[in-house]
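Have a look at the structure below, then the notes.
The model shown is predicted, which means the values in this text are computed figures rather than measured ones.
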Amino acid sequence: MDLRRCSILSYELWNEAKNLFAGGVNSPVRAAVKPYPFYTRRAKGAYIETEDSKQLIDYVLGYGPLILGHSHPKVLNAVKNQLEKGWLYGTPSVAEIKLAEKITKHVPSAEMVRFVNSGTEATMTAIRLSRGFTGRKKIIKFDGNYHGAHDYVLMDAGSAASEFGVPFSLGIPEEVASTVIVCPYNDISCVERTIRKEDVAGVIVEPVMGNMGVIPPNSNFLKDLRSLTREFNSLLIFDEVITGFRLGLGGAQSYFGVKPDITTLGKIIGGGFPIGAICGSRDVISYLTPSGKVFNAGTFNANPVSMIAGLATIEELEKGNAYRISEKAAKILAEEIDSLIKIEHVVNRVFNFFQFFLGVKKVENAGDARKSLREVYVKVHEALLREGVFVPPSQFEALFTSIAHDDDVINRTIEAFRRVLGEVH
Ligand SMILES: *Cc1c(COP(=O)(O)O)cnc(C)c1O
């Protein structure tokens, strides 16, 4: 294909991509966009402009990180300034201290931090840390919770893994899988039974499930997890890769008032650049190399560009507007969608992210979510794209809002939803 041509349509790019990438993409959910993935030319605020010159209102927002919308000027300027000074040093830089100070100031359980490059690396390291710290082997995770793409967390994982019906990836040795026990979300009795009889190093949980649509925790679920893990000397790991700095500066642990032993962060704390972090108390985090014996390292760990972008993002979040605007947008939209759908359905919203499920009355765990009318959801997604609104292509992802989702954006979105949901019987 002649890539010098000034305009190449998405379907031409997609046909070329299918020869180059497995399934045409580099992360599976992107292939679920119907009728074929659109290619993005540029993006600003709440809008994406496609290679087909369409403007789309974006509720995917990079699958979570862009709480300030696309190309926020504060982040853009901070990154530009940093690029002038170099982008990789292989040495510490001031920016990592400033970002870690923000995190330890705002996130209640965080006294120390280790920066890595993705949420996947963060949960992989957190699990190793819980095993190294306790000297135990088993991990409890929850059905439908997604913690990234490494071997220890792909048992009954959400989003991409569920969408394609591969809860178990090929290539994971039985020996690895046998060290991870899966309980239904919001089912504390399963955790209690398991923790009594097994050698549990850690319990890893999404404090709000954001990878099976949106599923909030039952009123006592997180508190009960806290008291059980404490009683049995296991570590409680909150995977706050989505909820961290989304449900407010203190994340889900502030929002619900439950303090985990280890917190994993990612997405928002990099302001749209690659990042992950493991945080916790001094005694736990000190187990990481070089002060401790649980290994972690990375060429790009704490690279100055991600640090600066994250810092600029948190400074903007501290002003409060982003939370006020994104929550208002999510609330209005969720209520509007709820009233527009005429068939049985439920809309699950927590603060500034939400998802609607068709054909079911309640969704409290992954099993409920799997019963929803997913093929109808996909049709709604496709129809909304034609109307200029980009919602996740999968039922098992969330709609996110940002500081850029102002009244005008919301009104246009509601108009599009009216036209589309009127057709759903
Ligand atoms: C996205 C996500 C991850 C994985 O993060 P990556 O940066 O994609 O590796 C882990 N946990 C949760 C809860 C996530 O939503």
Between [X] (side chain) and [Y] (backbone), is there a donor-acceptor pair under 3.5 Å?
| X | Y | result |
| --- | --- | --- |
| R282 | M112 | no |
| E387 | F417 | no |
| S372 | F357 | no |
| H72 | G69 | no |
| S93 | Y89 | no |
| N186 | E364 | yes |
| T289 | G292 | no |
| N352 | S326 | no |
| N411 | D407 | yes |
| S71 | A43 | yes |

How close do [X] and [Y] get, heavy atom to heavy atom, and via which atoms?
| X | Y | value |
| --- | --- | --- |
| P216 | V350 | CB-CG2, 3.7 Å |
| V205 | H147 | C-CE1, 4.0 Å |
| G250 | P108 | O-CD, 3.8 Å |

*In chain order, what residues pass the disulfide (SG to SG under 2.5 Å) check against C279, with sequence neighbours excluded?*
none
*Does R136 make a cation-pi contact with F232, if we ask for NZ or CZ under 6.0 Å from the ring centre and within 45° of the axis?*
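Not satisfied by the 6.0 Å and 45° rule.
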*Centres of the Y185 and F221 rings: under 6.0 Å?*
yes
*So, F356 versus Y377, ring centres under 6.0 angstrom or not?*
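Yes: the rings meet the under 6.0 Å criterion.
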Side chains of [X] and [Y]: do they bring a donor and an acceptor to under 3.5 Å?
| X | Y | result |
| --- | --- | --- |
| T179 | R131 | yes |
| N303 | S306 | yes |
| T264 | T123 | no |
| T263 | Q253 | yes |
| S53 | R41 | yes |
| E111 | S281 | no |
| N211 | N145 | no |
| S10 | D52 | yes |

Starting at [atom1] of [X], measure out to [atom2] of [Y] and round the result to the nearest 0.5 Å.
| X | Y | atom1 | atom2 | answer |
| --- | --- | --- | --- | --- |
| I181 | K138 | CD1 | NZ | 5.0 Å |
| L235 | I262 | CG | CD1 | 5.0 Å |
| K137 | E198 | NZ | CD | 10.0 Å |
| I237 | E206 | CD1 | CD | 13.0 Å |
| Y36 | W14 | OH | CH2 | 11.0 Å |
| I188 | N218 | CD1 | CG | 10.0 Å |

Within a strict 4.5 Å, meaning less than it, do heavy atoms of the [X] and [Y] side chains meet?
| X | Y | result |
| --- | --- | --- |
| I204 | I139 | yes |
| E318 | L249 | yes |
| V347 | H345 | yes |
| N365 | D187 | no |
| S169 | I172 | yes |
| V153 | I127 | yes |
| P392 | H381 | no |
| F400 | I242 | yes |

Between [X] and [Y], is there a side-chain N and carboxylate O pair less than 4.0 Å apart?
| X | Y | value |
| --- | --- | --- |
| E315 | K74 | no |
| E415 | R418 | yes |
| R349 | E335 | no |
| E316 | K319 | yes |
| K328 | D406 | no |

*Report the C-alpha distance between L373 and I343 in whole Å, list the side-chain angles of each, state the deciding distance to 0.1 Å, and finish with yes or no for side-chain contact (heavy atoms from CB on, under 4.5 Å).*
CA-CA 11 Å; L373 298 172; I343 62 172; 4.3 Å; yes
*asked:* Show, in sequence, the C-alpha distance, side-chain angles and deciding distance for D368 and V360, and conclude whether the side-chain contact (heavy atoms from CB on, under 4.5 Å) test is met.
replied: CA-CA 8 Å; D368 294 341; V360 285; 6.0 Å; no
Could you list the donor-acceptor pairs under 3.5 angstrom formed by side chains in residues 54-64, with sequence neighbours left out?
from: K54; atom 1: NZ; to: L385; atom 2: O; distance (Å): 3.0
from: K54; atom 1: NZ; to: R386; atom 2: O; distance (Å): 3.2
from: Q55; atom 1: NE2; to: E49; atom 2: OE1; distance (Å): 3.4
from: D58; atom 1: OD1; to: V60; atom 2: N; distance (Å): 2.8
from: D58; atom 1: OD1; to: L61; atom 2: N; distance (Å): 3.1
from: D58; atom 1: OD2; to: L61; atom 2: N; distance (Å): 3.2
from: D58; atom 1: OD2; to: H70; atom 2: NE2; distance (Å): 2.7
from: Y59; atom 1: OH; to: T413; atom 2: OG1; distance (Å): 2.6

_Identified salt bridge (Lys or Arg N to Asp or Glu O under 4.0 Å) partner of E344 from the options K361, K371, K362_ =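 For E344, the salt bridge (Lys or Arg N to Asp or Glu O under 4.0 Å) test succeeds with only one of K361, K371, K362, which is K361.
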*Starting from the C-alpha separation in whole Å, work towards a yes-or-no answer on side-chain contact (heavy atoms from CB on, under 4.5 Å) for F142 and L225.*
CA-CA 12 Å; F142 296 93; L225 283 180; 3.9 Å; yes
*Could you go step by step and tell me if S189 and E192 meet the side chain to side chain donor-acceptor pair (under 3.5 Å) rule?*
CA-CA 5 Å; S189 62; E192 182 158 11; over 6 Å; no
_K379 NZ: over 12 foreign heavy atoms closer than 6.0 Å_ = no
*Are more than 12 heavy atoms from other residues, nucleotides or ligands located less than 6.0 Å from atom CD of E84?*
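Check fails, neighbour count at 12 or below.
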*Over 60° means perpendicular and under 30° means parallel, so classify the ring planes of F38 and F390, tilted if in between.*
perpendicular
*What is the ring orientation for H106 with F245, classed by angle as parallel under 30°, tilted 30 to 60°, or perpendicular over 60°?*
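Geometry flag for F245 against H106: perpendicular rings.
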*Intermediate values then yes/no, side-chain contact (heavy atoms from CB on, under 4.5 Å), I275 and M307*: CA-CA 8 Å; I275 203 165; M307 297 297 109; 3.7 Å; yes
_Chi angles and distances behind the salt bridge (charged side-chain N to carboxylate O under 4.0 Å, His left out) call for D143, R370_ = CA-CA 11 Å; D143 182 17; R370 290 189 188 106; 2.8 Å; yes
